[in-house]
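The structure appears below as structure tokens.
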Amino acid sequence: MSSKSEKKRKRAVEQQQQPWFSKFTQDDPLYIDYMEREWGFEKQTEEELFEKLSLEGAQSGLSWRTILHKREAYRKAFHGFHIDKVAAMTEGDVERLLSKKSNDSTQLVVRHRGKLESVINNAAVIQQLKADGTISSFKEYLWSFVNNQPILNQWKSLRDMPSKTDESECMSKALKKHGFKFVGPTTCYAFMQSCGFVIDHPVGTKHWAEAEKRLKKRKGGYQIR
């Protein structure tokens, strides 16, 4: 075998050994770790779910890589996404976030007034829904859109994955009706993927197999499609 053919063969083997998401994570260690340890894993606390819904809204029109590298800045800006503390934030807090300066872009949130205000608005909406008895908890409300059972999909590749589904359309419509902002169906589906409401690792990958093994042990069961 010629050296050129051998190099080509080695490249092909290396590509097959790489995770399915390497095309978009590339060599970013933070992004790779996120896909390996967070994406598709269940999030159950109010703070975790509120954080992810807020960050997916912040991502709108941008890349997840950008938001991921600013996640700690968002956590600091929004009190660890504690709902009551965020709901108490004021327009002055928004102005401070918009005017903050740093030579390190990861220490700054995205300067988009509407997106920042939406986080505070959404926290206040959650408070009101709880106060008037519409929902008992934000966690239970969100998980109800998948009947409290994660959906394990069987897509063959990244190309097969949808940008929205009936469930995300339903979630988006309901949230908007209650007054939430930056919660379109595509944003809601990205939220559902990241929080383990749906598992979209392609079937046949080690990540899909690991998810199936994890879900088989899950109290309350799961759905497979």
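A 6.0 Å sphere centred on CG of Asp27 holds no more than 12 heavy atoms belonging to other residues, nucleotides or ligands.
Atoms CG and CD1, on Leu215 and Ile151 in that order, are 11.0 Å from each other to the nearest 0.5 Å. Taken from CG in Leu49 to CD in Gln44, the straight-line distance is 7.0 Å, to the nearest 0.5 Å. Here OG of Ser194 is found 6.5 Å from CH2 of Trp64. Values are rounded to the nearest 0.5 Å. Atom OG1 of Thr25 and atom CE of Met35 lie 7.5 Å apart (nearest 0.5 Å). Between atom CG of residue Leu158 and atom CH2 of residue Trp20 there is a gap of 5.5 Å, rounded to the nearest 0.5 Å.
Looking at Asn122, its side chain never comes within 3.5 Å of a backbone N or O of Val119 through a donor-acceptor pair. Side chain of Glu140 to backbone of Ser137: no donor-acceptor contact under 3.5 angstrom is found.
Cluster annotation: Leu30 and Val110 are assigned to the same hydrophobic cluster (Ile/Leu/Val/Met/Phe/Trp/Tyr, side-chain heavy-atom contacts under 4.5 Å, transitive). Follow the hydrophobic side-chain contacts under 4.5 Å out from Ile83 and you reach Ile135 in the same cluster.
Classification of Lys52 and Glu56 as a salt-bridged pair holds, one side-chain N sitting under 4.0 Å from a carboxylate O. A salt bridge links Arg113 to Glu95: at least one charged side-chain nitrogen sits closer than 4.0 Å to a carboxylate oxygen.
Ring centers of Phe81 and Tyr74: at least 6.0 Å apart, outside the cut-off. Ring centers of Tyr141 and Phe138: at least 6.0 Å apart, outside the cut-off. Checked against the 6.0 Å centroid criterion, the rings of Trp39 and Phe21 do not qualify as a close aromatic pair.
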* Trace of the side chain to side chain contact (heavy atoms under 4.5 Å, CB included) decision for Tyr34 with Asp28 -> CA-CA 10 Å; Tyr34 170 77; Asp28 185 338; over 6 Å; no

* Hey, mind stepping through Lys213 and Glu210 against salt bridge (charged side-chain N to carboxylate O under 4.0 Å, His left out) and telling me if it holds? -> CA-CA 5 Å; Lys213 183 178 180 180; Glu210 289 169 353; over 6 Å; no

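A side-chain donor from one of Thr134 and Asp132 sits under 3.5 Å from a side-chain acceptor of the other.
Within the 4.5 Å cutoff, side-chain heavy atoms of Lys130 are placed close to those of Glu46. Pro150 is listed as a side-chain neighbour of Trp143, based on a closest heavy-atom distance under 4.5 Å. In this structure, Arg75 and Arg71 have side chains that are in contact, with non-hydrogen atoms separated by less than 4.5 Å.
Legend: residues meeting side-chain hydrogen bond (donor to acceptor under 3.5 Å, both in side chains) with Arg218, ordered by chain and number and at least two apart, are Glu42.
Both tests pass for Arg214 against the ring of Phe41: distance under 6.0 Å to the centre and angle within 45° of the axis.
What you find for Val146 and Gln223 is that their closest heavy atoms are O-NE2, 2.9 Å. Between His201 and Trp208, the closest heavy-atom pair is O-CD1, 3.0 Å.
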